[in-house]
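Below: one structure, written as structure tokens.
Within every chain, numbering begins at 1; the chains are lettered A, B, ... in the order of the sequence lines, protein sequences first and strands thereafter.
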Amino acid sequence: MAKKIQAVKGTREFYPQQMALRNYIYEKVRAAAQAFGYQEWDAPFIETIDLYAAKSGEELVKQQSFTFQDRGGDFVTLRPELTPSLARMIAAKQGELTFPLRWWSFGPFWRYEQPQKGRSREFFQWNIDMLGADTPEADAELIAVGATFLRSVGLSPERALIYVNDRRLMDSQFDALQIPAEKRLDVSNLIDRRAKMESAKWDAYALELGLSQTQLDGLKSMLGDFDLWQKSPELTRLFSALEALGAREYVKFDPNIVRGLLYYTGTVFEAFDVSGSLKRAIFGGGRYDNLLADVGGQPLPAVGFAMGDVVIGIILQEANLLPDFTPSPAQILVTVFDESLRTQSLVLSAELRAAGLRVMVSPELSKLQKQFKFADKMKMKIALVLGPDEAEKGTVVVKNLESGEQVQVAREALVEFLKP
RNA sequence: GCGGAUAUAGCUCAAUGGCAGAGCGCUUGACUGUGGCUCAAGAUGUUGUGGGUUCGAGCCCCAUUAUCCGCCCCA
């Protein structure tokens, strides 16, 4: 008995049914992006470690990347994210690109972390960005693309929402509370963790960080103020643009959304499943105006978001929104009656394919019963029988497997009969 | 890196320390030119791996590996 070799931990095996879901997501992502005029692009799956060292978070590079030495001795990494590659590619052609740039991509990424629900080591991610525009209307457009996607897969605003905040607004609030600049990162992380912690513990943790009781009270009242956005000119414009774009119903202001990544400079947003069991973001993003300059390009304002395929896949399944799966792409099975008629069945199948139909033929001699059973399991629509009687009369039996009805059709009229 | 569970037929799972089972799936037949539904019969196991306790271990103990779930981080 051969030793069973398992798939590498955290990788994904796409059996046809899972592959169909992956392609379904890809298709909906493409439709949403293209509806707003975004161009598809991609970058290498392998990059040198240096590309990420410049910009990505310490943990992402040092602990969560698949990094190894290639045969030439260079350290390379399976890409854990796309933005550094985007920055490089844009910097290289900055003079010849037409701005604002609207680009999207869907491809594989790898992060070395503990697999759990909604998180694997290998995943597909949709990245979509607009570069070269710095208006709230640009931010609104990206959020509207996200809303368009949610709507297209059947997730209504009752089921999924996009929560929005603005780093600039938060900074002005931190100013008012006199929270010093060096503590703001900790405070942001604190806010990020609030939903996951008991409130007493959270309070204690806040005081531990060095917040005064007054600051803590101020912070809590700020985080409970869902009308705070009205104090932000950017968010006010953002919401009115979302209204105009028909995406307002999907979007809610939430001061608790801060996002962990350092590079966001303005609007930040995250989409969540409102009623499901999974408390992970469907997608998340925001404005990052300094990033391209930071990695050595010309300053370029940018806004974008990313969506992994794992979480959205689980949510679609839980919401019973998976597309119907048809095992076989072929709708027609040509049965093989016996040895003497095998060639005729093959010829028949070729004729039908030449007419643009998708057709399978049994590759071996077996009972018609078995062939029909196969067609049924593969959820095929039609089975053709070419037996001695039909061969003699120049006809073919066409059986509709859904209704169970069957008719004899003349061979010459068959293509016309079968065409949808 | 830390913590909690689980591992038995192809799948989902049962089985007081005492004969390893069910449902689904699979094969065959009822139906020698036709699937689904029904009925009947049948096949399928190194109980993750290695030790230990016991007259006797799927069950108890130790180790190990794998998987799942949570924390951290994040799509």
Side-chain angles (χ1 to χ4, degrees), chain A residues 1 3-11 15 25 29 56-65 79-83 105-128 146 149 189 192-193 196-197 201 258-262 264 269-273 277-286 304-315 333-338 341 362 366-391 396-408:
Chain A
M1 179 79 84
K3 194 184 163 200
K4 197 154 92 184
I5 296 175
Q6 291 186 312
V8 172
K9 188 188 185 83
T11 55
Y15 287 85
I25 292 170
V29 156
S56 301
E58 183 112 325
E59 175 154 359
L60 187 61
V61 181
K62 290 202 170 147
Q63 275 145 53
Q64 296 195 342
S65 65
R79 61 182 189 183
E81 60 166 334
L82 192 61
T83 310
S105 180
F106 184 83
F109 293 84
W110 293 266
R111 289 187 192 174
Y112 194 89
E113 60 183 336
Q114 286 312 312
Q116 52 193 286
K117 194 172 185 186
R119 286 291 177 268
S120 57
R121 288 183 175 179
E122 180 176 60
F123 55 95
F124 282 75
Q125 188 171 274
W126 176 29
N127 286 268
I128 180 162
F149 170 80
N189 286 333
D192 211 23
R193 226 170 288 169
K196 285 183 176 173
M197 285 173 82
K201 257 187 179 169
V258 291
R259 297 190 54 72
L261 292 175
L262 299 174
Y264 291 113
F269 54 92
E270 285 180 343
F272 282 94
D273 178 6
S277 64
L278 201 53
K279 296 290 168 236
R280 289 185 187 280
I282 299 172
F283 58 75
F305 69 84
M307 178 184 83
D309 69 319
V310 182
V311 170
I312 187 69
I314 292 171
I315 288 168
L333 177 74
V334 179
T335 60
V336 175
F337 192 85
D338 61 23
L341 288 160
S362 297
S366 58
K367 288 184 180 177
L368 277 186
Q369 188 182 32
K370 205 171 169 188
Q371 297 185 42
F372 269 81
K373 200 160 189 153
F374 176 81
D376 186 53
K377 290 212 160 175
M378 297 303 274
K379 291 208 165 67
M380 298 172 75
K381 303 274 188 288
I382 288 165
L384 302 185
V385 181
L386 183 51
D389 299 349
E390 290 80 16
V396 174
V397 166
V398 178
K399 178 157 182 176
N400 182 324
L401 293 172
E402 284 167 333
S403 66
E405 289 164 13
Q406 65 179 46
V407 288
Q408 286 221 16

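At distances below 3.5 Å, not a single donor-acceptor pair connects side-chain atoms of A:Arg111 with backbone N or O atoms of A:Gln64. With hydrogens and angles disregarded, no donor-acceptor distance shorter than 3.5 Å links the side chain of A:Thr335 to the backbone of A:Phe337. In terms of modelled atom types and a separation under 3.5 Å, the side chain of A:Arg79 and the main chain of A:Pro108 share a donor-acceptor contact.
For A:Phe124 and A:Gln114, each mapped to the nucleotide of RNA chain B holding its nearest heavy atom, the one lying further toward the 5' end belongs to A:Gln114. Nearest-nucleotide positions on RNA chain B for A:Val311 and A:Leu278 put A:Leu278 closer to the 5' end.
Counting heavy atoms of neighbouring residues, nucleotides and ligands inside a 6.0 Å radius, atom NZ of A:Lys381 exceeds 12 of them.
Residues A:Met307 and A:Ile312 share a closest heavy-atom pair of CE-CG2, 4.2 Å. The two residues A:Val311 and A:Ile282 have their closest heavy-atom pair at CG1-CA, 4.1 Å. Closest non-hydrogen pair, A:Leu333 versus A:Gln371, comes out as CD2-O, 3.4 Å. Counting all heavy atoms, side chain and backbone alike, A:Lys9 lies closest to A:Pro115 at CE-CD, 3.9 Å.
When the P atom is used for both B:rU67 and B:rC61, the distance is 24 Å, rounded to whole Å. With both ends at atom C1', the span from B:rU12 to B:rG52 equals 33 Å, rounded to whole Å. One P atom belongs to B:rG4, the other to B:rC62, and the distance between them is 14 Å to the nearest Å. Comparing the P positions of B:rG58 and B:rG1 gives an interatomic distance of 34 Å, to the nearest angstrom. For B:rU47 and B:rC59, the P atoms lie 10 Å apart once the distance is rounded to whole Å. B:rG29 and B:rA14 have their P atoms separated by 35 Å, given to the nearest Å. A gap of 24 Å separates the P atoms of B:rC37 and B:rG33, to the nearest Å. As rounded to the nearest Å, B:rA7 and B:rC60 have P atoms that lie 10 Å from one another.
You'll find that the side chain of A:Arg119 is closest to B:rC74, out of B:rC74, B:rC73, B:rG70. Taking every side-chain heavy atom of A:Lys117 into account, B:rG70 is the closest of B:rA75, B:rC72, B:rG70.
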Below 3.5 Å between N/O atoms, which protein atoms pair up with nucleotides 64-67 of chain B? Just atom names and distances, please.
{"from": "B:rA66", "atom 1": "O3'", "to": "A:Gln6", "atom 2": "OE1", "distance (Å)": "3.4"}
{"from": "B:rA66", "atom 1": "O2'", "to": "A:Gln6", "atom 2": "NE2", "distance (Å)": "3.2"}
{"from": "B:rU67", "atom 1": "OP2", "to": "A:Lys9", "atom 2": "NZ", "distance (Å)": "2.9"}

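B:rC71 atom P lies 6 Å from atom CZ of A:Arg280, rounded to whole Å. For the pair A:Gln116 CD and B:rA5 P, the computed distance is 17 Å after rounding to whole Å. The interatomic distance linking A:Tyr15 (OH) with B:rC11 (P) rounds to 10 Å, in whole Å. Between the CG atom of A:Asp273 and the P atom of B:rA75 there is a distance of 18 Å, given to the nearest Å. Here B:rA75 presents its P atom at 13 Å from CG of A:Leu82, a figure rounded to the nearest Å.
An OP1 or OP2 oxygen of B:rA75 is reached within less than 4.0 angstrom by a side-chain nitrogen or oxygen of A:Arg259. A:Gln64 has no side-chain polar atom (N or O) that falls below the 4.0 Å cut-off from OP1 or OP2 of B:rC73. Listed pair A:Arg193 / B:rC73 meets the phosphate criterion, a side-chain N or O lying under 4.0 Å from OP1 or OP2. Contact between the side-chain N/O atoms of A:Lys367 and the OP1/OP2 oxygens of B:rU27 is not found at any separation under 4.0 Å.
With rounding to the nearest 0.5 Å, the separation of OG in A:Ser105 from CZ in A:Phe124 is 11.0 Å.
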Mind running side-chain hydrogen bond (donor to acceptor under 3.5 Å, both in side chains) on A:Arg280 and A:Gln116 for me, showing each step along the way?
CA-CA 12 Å; A:Arg280 289 185 187 280; A:Gln116 52 193 286; 3.1 Å; yes
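Side-chain atoms of A:Glu113 come within donor-acceptor range of the base of B:rA75, with a qualifying N/O pair under 3.5 Å. Remark: the A:Arg111 side chain and the B:rA75 base include a donor-acceptor N/O pair separated by less than 3.5 Å.
A:Lys117 pairs by the side chain to side chain donor-acceptor pair (under 3.5 Å) definition with A:Ser277, A:Glu318, not counting sequence neighbours. A:Glu405 is linked by a side-chain contact (heavy atoms from CB on, under 4.5 Å) to A:Ser403, counting only residues two or more places apart in sequence or in another chain. For the side chain to side chain donor-acceptor pair (under 3.5 Å) test, no residue two or more places apart in sequence or in another chain qualifies with A:Gln406.
Scanning RNA chain B for stems, defined as runs of 3 or more consecutive Watson-Crick or G-U wobble pairs whose donor-acceptor distances all fall under 3.5 Å, gives the following ranges: B:1-7 with B:65-71, B:10-13 with B:21-24, B:26-30 with B:38-42, B:48-52 with B:60-64.
Counting any heavy atom pair closer than 4.0 Å across all strands shown, A:Ile312 reaches no nucleic acid atom. Residue A:Ala375 is classed as having no contact, given no heavy-atom separation below 4.0 Å to the nucleic acid.
For the ring pair (Phe, Tyr, Trp, His ring centres under 6.0 Å) test with A:Trp126, the passing option among A:Phe283, A:Phe109, A:Phe305 is A:Phe305; the others fail.
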Which letters describe nucleotides 30-40 of chain B, given B = protein heavy atom under 4.0 Å from base, S = only from sugar-phosphate, - = neither?
---BBBB----
